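Structure first, then comments.
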Amino acid sequence: MPTINRIAVIGAGLMGHGIALACARAGFDVTITDPIPDARISVKTRIAESLSLLGIGKAEIEAALEKIDVCPDVREAVENAGLVFEAAPEKLALKQSIFAEIETYAPQDAILASNTSVMPITAIMSQLKDKGRALGTHWWNPPHIIPLVEVIRTAETTEDTMATTIAVLTQAGKTPVRVEKDVPGFIGNRLQHALWREAISLVERGICDARAVDTVVKASFGRRLAVLGPLENADLVGCDLTLDIHNTVLADLERRAGPSPLLEELVATGRLGMKTGDGFRSWSPEEAKALREKVVTHLRRLEQILD
Ligand code: NAD
């Protein structure tokens, strides 16, 4: 398996800064670039802030920052990289053009990975000359705290590319999971949005309000999800009980192919959630800030407990 020492990150936003941070903390040399000067100027400060929020001391923060080189362009960022993580905006044509540029300047054996949330990797990589070294690596937000990275193979990704990427991610302290077929949403977002579809439907059908949906999840199965996956749970309660439940409940679950009209109406009327103050619920800026902070604190504590 090739040894990878240098990792390039393309896009220094929310995900890019966290991916760079995770790789640098694991000891990799990291290059990062972004076309927006402000993003390049601020990225090291943002990384230091994120590390500080994790309770990391000054010396360790300095050591991580020393491993990171902020580059003026893609060419400089990728020219000596063994693996490139692209974390640019979720637009197909943009990602395709970024990968064309990466392929021009990166070493011929460098692995090329996209961090798209849901777009088919096959489409993003369709114009590459060598598609065998291309794949998806779906990190979760915040990427330096959530362990999972889904590693998505296209019909053309080689096994060497998969294995080397999984080895690098493991070395970076992540939990890589193989996704053997390039389906929209991979594994995690398919599961998550199957739940969200039913959650929205419950409100739309007047069965309960949004707060009740969230309370039910948080006060029940949400509590065990970090240690008990759904299929472990099915085995735990018994596949026979699971079958009985499915025979009764599945026919009544939401199965509309497209988005909910309730969600479409919220968006059409500018109720976009915390950023506009209204969504499924109303949010003051203080409430939104408190919830964001609670998530980070919870994830940190959970990490300590599970470790
Ligand atoms: P972001 O907007 O925070 O960051 C994107 C960065 O890309 C910005 O700094 C922007 O200046 C930069 N950029 C713009 N054009 C570029 C170009 N041509 N080349 C390189 N960089 C460019 O977005 P984000 O949340 O970090 O998302 C990045 C990717 O990660 C998207 O594909 C997104 O779907 C995916 N993703 C996001 C999340 C999340 O929760 N935010 C989770 C998983 C995956």
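For ligands, and for the atoms within them, numbers begin at 1 and follow the listed sequence. Because the structure is predicted, anything quoted here is derived from the model rather than measured.
- Looking only at distances, a side-chain donor or acceptor of R190 sits under 3.5 Å from a matching main-chain atom of P184.
- Looking at T116 and H138, their side chains never bring a donor and an acceptor atom within 3.5 Å of each other.
- Checked by atom type, the side-chain pair S42/T45 shows no donor-acceptor distance below 3.5 Å.
- At least one protein heavy atom sits closer than 4.0 Å to atom 18 (N) of ligand 1.
- Heavy-atom contacts of T116 reach the following atoms of ligand 1: 32 (O) (cutoff under 4.0 Å).
- Here the protein heavy atom with the shortest distance to atom 27 (O) of ligand 1 is M15 CG, 3.8 Å.
- In this structure, the protein non-hydrogen atom closest to atom 4 (O) of ligand 1 is G13 CA, 3.3 Å.
- Among protein heavy atoms, the minimum distance from atom 32 (O) of ligand 1 is reached at E90 OE1, 2.6 Å.
- Close N/O approach between S117 and ligand 1 is found [any backbone or side-chain N/O within under 3.5 Å].
- Of the N or O atoms in I10, none lie within a sub-3.5 Å distance of an N or O in ligand 1.
- The nearest heavy-atom contact from the protein to atom 13 (N) of ligand 1 is P89 CD, 3.5 Å.
- Using modelled atom types, no side-chain atom of T33 and backbone atom of I10 make a donor-acceptor pair closer than 3.5 Å.
- The protein non-hydrogen atom at the shortest distance from atom 29 (C) of ligand 1 is A88 O, 3.3 Å.
- Atom-to-atom distance recorded for D130:CG and Q108:CD is 8.5 Å, nearest 0.5 angstrom.
- K67 has a carboxylate O that lies under 4.0 Å from a charged side-chain N of D29, or vice versa, which qualifies the two as a salt bridge.
- Summary of contacts: the protein heavy atom closest to atom 3 (O) of ligand 1 is L14 N, 2.9 Å.
- Scanning the protein heavy atoms around atom 35 (C) of ligand 1, the nearest turns out to be N115 O, 3.2 Å.
- Residue contacts with ligand 1: P35 is placed with no nitrogen or oxygen under 3.5 Å of a nitrogen or oxygen of the ligand (distance criterion only).
- Under a 4.0 Å criterion applied to the non-hydrogen atoms of N141, ligand 1 contributes the atoms 39 (C), 40 (O).
- Contact annotation: W139 has at least one heavy atom less than 4.0 Å from an atom of ligand 1.
- Which parts of ligand 1 touch L94 is read off a 4.0 Å heavy-atom cut-off, strictly below it: atoms 18 (N).
- The shortest N or O to N or O distance between H138 and ligand 1 is not below 3.5 Å.
- Which of G16, A87, A77, G11 comes nearest to atom 5 (C) of ligand 1 through a heavy atom is settled by distance: it is A87.
- T122 and D182 are linked by a side-chain donor-acceptor pair at a separation below 3.5 angstrom, with hydrogens and angles left out of the test.
- Separation of atoms CG (D73) and CD (E101) is listed at 7.5 Å; rounding is to 0.5 Å.
- Under 4.0 angstrom from ligand 1, there are no non-hydrogen atoms of E86.
- In this structure, the protein non-hydrogen atom closest to atom 8 (C) of ligand 1 is D34 OD2, 3.4 Å.
- Heavy-atom contacts of I36 reach the following atoms of ligand 1: 11 (O) (cutoff under 4.0 Å).
- Defined by atom type and a distance below 3.5 Å, a donor-acceptor pair is present between the side-chain atoms of S282 and D278.
- With a 4.0 Å cut-off on non-hydrogen atoms, I98 touches ligand 1 through its side chain and not its backbone.
- Of the options E293, E286, E287, a side chain to side chain donor-acceptor pair (under 3.5 Å) to K289 is made by E293 and by none of the others.
- Between the side chain of K174 and the backbone N or O of I146 there is at least one donor-acceptor pair closer than 3.5 Å.
- The closest side-chain donor-acceptor pair between W140 and E150 falls under 3.5 angstrom.
- In this structure, the side chain of T175 does not engage the main chain of L148 through any donor-acceptor pair within 3.5 Å.
- Under the 4.0 angstrom criterion for non-hydrogen atoms, K95 is in contact with ligand 1.
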